[in-house]
There are 2 protein chains.
Amino acid sequence: MADLSIDVVAKAAGVHRSTVSRAFSRPEAVKSETREHILKVAEGLGYTMSPLAQALRTKTSTFVPLIVPDITNPFFAELAKTMTQAADERGYQLLLCVTNGDPAKTEGYFTAMQAMYAPFGIVAPSTKVDTDALKRFDFGHRVVVIDRVEGDSSVPTVTVDSRRGIVLALEHLRSLGHTSIGYVSGISGTHTAQDRMDAYLELSAEGSSTPLVLDSGSDPDAGARAAKHFLEMENPPTAIIAANDMVAFAVISALGQGGIRVPEDVSVMGFDGLALGSRFNPPLTTVRQPIADMGNIAIELAEKQNLNGSVDHVVLEPELLVRASTSGPRK
Amino acid sequence: MADLSIDVVAKAAGVHRSTVSRAFSRPEAVKSETREHILKVAEGLGYTMSPLAQALRTKTSTFVPLIVPDITNPFFAELAKTMTQAADERGYQLLLCVTNGDPAKTEGYFTAMQAMYAPFGIVAPSTKVDTDALKRFDFGHRVVVIDRVEGDSSVPTVTVDSRRGIVLALEHLRSLGHTSIGYVSGISGTHTAQDRMDAYLELSAEGSSTPLVLDSGSDPDAGARAAKHFLEMENPPTAIIAANDMVAFAVISALGQGGIRVPEDVSVMGFDGLALGSRFNPPLTTVRQPIADMGNIAIELAEKQNLNGSVDHVVLEPELLVRASTSGPRK
DNA sequence: CTGAAAGCGCTTACAG
DNA sequence: CTGAAAGCGCTTACAG
């Protein structure tokens, strides 16, 4: 495999390199016979264009970074999976960038993506996005955020209606006969997390049940603490809503270690709709976010903004997913 | 942010661009005063070199692809996480490439990486790697595989001692008093999967217990089928080893839906040591693979091969991780 | 419709 | 130790 460049194809096809370039990049600008001949020769040689050289020359590439805090979190993994495909279908190459929550890393990725001539990027944050900080980077002007954003409406966003999700959860639980419904935050950085909690607080008050937050921490041990709290209560709630599926898993696990069974002793719901939930013990009832849609829409929003500067804020509908972790209250 | 290039830095610093280049890439080749001056000017301007242009010119980059079948599988997610950091520390940028099991995609990544002048790559396969197919690509000669490999020992590999892991699992279960121990394959593509199964078959025969494979499929429903099988047996085993943690989750979930409790009614072990296992219900007893070590070593092996052509095959020791999904046999 | 030339942002022998 | 020149693999006005 000697180094194949546009010039060797040009020579082999008996044309000038600019014609080869056009045959690939602007096919309509070259006579069809010439084009077909060139393409055939190129194929025979096993030639493909160098994206590096193309990017350098045109100052635009097809690399689209997806910046996530933690790929080990199944929510982001599922997002990455669907976005890889969505990007592919549109001719982009998704570059997964994992920050592990380190803001310095995020900035590093921003300058790197700038240098790679990425046309735009997607960020799924773990904290409320500071749009001012974002815009200190050139690249920050071409980013869509998978969360709500405050104050500044100039960055495109896509989220799920958090309040509606909590309504769905509460309705489900109440229809089962629950009146005492607790909440475990478990996450707290994003607006999404905040919105879920706020909605719970507000809606349970409206429903004339007293809000009961078992834990509001945001570390991985929140689930365990919530379970401990539950076990120590005289009148524990008969159902629990967890701020997301991962927290629900942790709660159920810790509860189980304490001898409490789900859903026999207490119902537990999650929020996210992870595939993993269907194989949990018990399979998790949850509010599904349309993760695949979010990924597709994020890319569309980015393209739109890139094209004509339009900035959209899309809010998707969540959906109740009843599995086995909820049932009527005990007794 | 006007476009910053080496030439604008050169002008601002009053030197030739080649000197700027050296100040960054071969600092010892330039007088220290000059260098410091250049670096200061560059910093003031907010200049960093274009990795694209560098790669194009030197025909080598710092992009290191990690090719995995499915990022949604926590094993690969954890691998990706530790490898991102390992790569970073060595000055590489990990590029996550997800094939979704599509061989065509793998080939696509290979040619893309070739085009990106990646110095080498890491592949975590979902099937037995065909080294001949691998080597049809130039890039295939600079790849390390996270699995065993057959026949051809010219590609560096890193794995865990599968047999040893099964020994650990069997010993643990037997020490608890189990004599009837079933197995669920759940995965089957890789040598690793094969080796685990073979070891189980061989070692349970040696231990004079009859091997009992509840399911040998490799799809996501293997766990459910195994549970069904279990429920239909007259004399079901008192313990089950699952080929990996994800399968163990599915088995426990399906068993739970069938009214069987773990570990009260049957003990279940996994294999992998995923972080997720500690938050399963019940927390999963398993054989831990040193995933972080695997990642680090994979990169080291790649570097070594790249440097002096040496090819190593590293086999790591697994470790028993006792949590709550195993106990003595019932009654 | 095709070719010749200039240039994207770098590096590296080669002189001096 | 530093500069001038050629070139990595492309694209795109500009001619013809």
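Proteins come first, then strands; the chains are lettered A, B, ... in the order of their sequence lines, and each starts at number 1. Computed from a prediction, not measured in an experiment: that's the story for all the values here.
- Two residues, B:Y117 and B:T34, neighbour DNA chain D, and the one matched to the more 5' nucleotide by heavy-atom proximity is B:T34.
- An OP1 or OP2 oxygen of C:dT11 is reached within less than 4.0 angstrom by a side-chain nitrogen or oxygen of B:Q54.
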Practice task
Go through the steps for A:L95 and A:M113 under the test side chain to side chain contact (heavy atoms under 4.5 Å, CB included), then give the verdict.
Solution key: CA-CA 9 Å; A:L95 255 32; A:M113 286 314 133; 4.0 Å; yes
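- Heavy atoms of B:T58 sit under 4.0 angstrom from primed sugar atoms or phosphate atoms, though from no base atom.
- Residue A:A29 is classed as a base contact, given a heavy-atom separation below 4.0 Å to a base.
- Ion pairing between a basic and an acidic side chain is recognised when a charged N comes within 4.0 Å of a carboxylate O; B:E300 and B:R90 show such pairing.
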Handout entry: Stepwise side chain to side chain contact (heavy atoms under 4.5 Å, CB included) test for A:Y92 and A:E303
Key = CA-CA 11 Å; A:Y92 300 110; A:E303 283 187 313; 2.7 Å; yes
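- In this structure, A:E78 contributes its side chain and A:A275 its backbone to a donor-acceptor pair below 3.5 Å.
- D:dA4 makes up no base pair with any nucleotide shown, lacking Watson-Crick or G-U wobble contacts both under 3.5 Å.
- Put simply, the side chain of A:R22 and the base of C:dG3 share a donor and an acceptor less than 3.5 Å apart.
- D:dA13 is unpaired under the Watson-Crick or G-U wobble criterion, no partner having all donor-acceptor distances under 3.5 Å.
- Of the candidate nucleotides D:dT11, D:dT2, D:dG3, D:dT2 has the atom nearest to the side chain of B:V30.
- Donor-acceptor pairing under 3.5 Å, judged by distance alone, is present between the side chain of A:R57 and the base of C:dG7.
- Positionally, the nearest nucleotide of DNA chain C for A:E28 lies more toward the 5' end than for the other of A:L56 and A:E28.
- If you check D:dG9, D:dT11, C:dC10 against the side chain of A:S25, the one that comes closest is D:dT11.
- At C:dC10, none of the side-chain N or O atoms of B:S50 fall inside 4.0 Å of OP1 or OP2 (strictly under the cut-off).
- Considering only side-chain N and O atoms, B:S18 lies nowhere under 4.0 angstrom from the phosphate OP1 or OP2 of D:dG3.
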